[in-house]
Amino acid sequence: MAKTDDRFVKTYSQGAMNISEIWVDKQTGVNYLFHASGYAGGLTPLLNRDGTPVVTSVPRDYDE
């Protein structure tokens with residue numbers, strides 16, 4: 001079974017106390033927005049204007 005941390009790639013990060021990050025699933029290419037503030041956080045897929053998920057092509061061997 002693959003490690004869960006090998007499936008996602010962080011492509012964007014901003015902030016120190018209020019953190020916003022974009023993560024890409026290497027298997028599907030779907031982009032997710034993660035936002036954390038204090039002890040709270042949330043994850044949601046990024047959507048295009050028509051409601052479909054934002055998909056980018058990311059090589060499986062992508063290194064951060």
Side-chain angles (χ1 to χ4, degrees):
M1 188 157 111
K3 295 180 195 175
T4 56
D5 59 339
D6 290 339
R7 182 170 176 167
F8 296 91
V9 175
K10 181 171 39 171
T11 59
Y12 178 80
S13 183
Q14 165 184 315
M17 297 297 287
N18 292 319
I19 300 167
S20 294
E21 299 173 341
I22 295 178
W23 290 82
V24 177
D25 183 337
K26 291 194 282 186
Q27 292 183 6
T28 64
V30 175
N31 288 249
Y32 296 90
L33 173 67
F34 173 73
H35 182 78
S37 180
Y39 293 112
L43 181 73
T44 188
L46 288 175
L47 302 177
N48 290 316
R49 184 175 278 198
D50 63 358
T52 59
V54 174
V55 177
T56 49
S57 132
V58 176
R60 287 182 178 234
D61 59 346
Y62 179 85
D63 291 325
E64 291 184 72

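Source: prediction; values computed, not measured.
Once rounded to the nearest 0.5 Å, the distance linking OG1 of Thr28 with CZ of Phe8 reads 7.0 Å. Considering CG of Asn31 and OG1 of Thr44, their distance stands at 12.0 Å, rounded to 0.5 Å. In this structure, OH in Tyr32 is found 13.5 Å from CD1 in Ile22, a value given to the nearest 0.5 Å.
Ser37 pairs by the side chain to side chain donor-acceptor pair (under 3.5 Å) definition with Asn18, not counting sequence neighbours.
Of all non-hydrogen atoms in Leu46 and Leu33, the two that sit nearest each other are CD2-CB, 3.8 Å. Between Pro53 and Val30, the closest heavy-atom pair is CB-CG1, 4.1 Å.
Formation of a donor-acceptor pair under 3.5 Å by the Asp50 side chain with backbone atoms of Thr52 is found in this model. At distances below 3.5 Å, at least one donor-acceptor pair connects side-chain atoms of His35 with backbone N or O atoms of Ile19.
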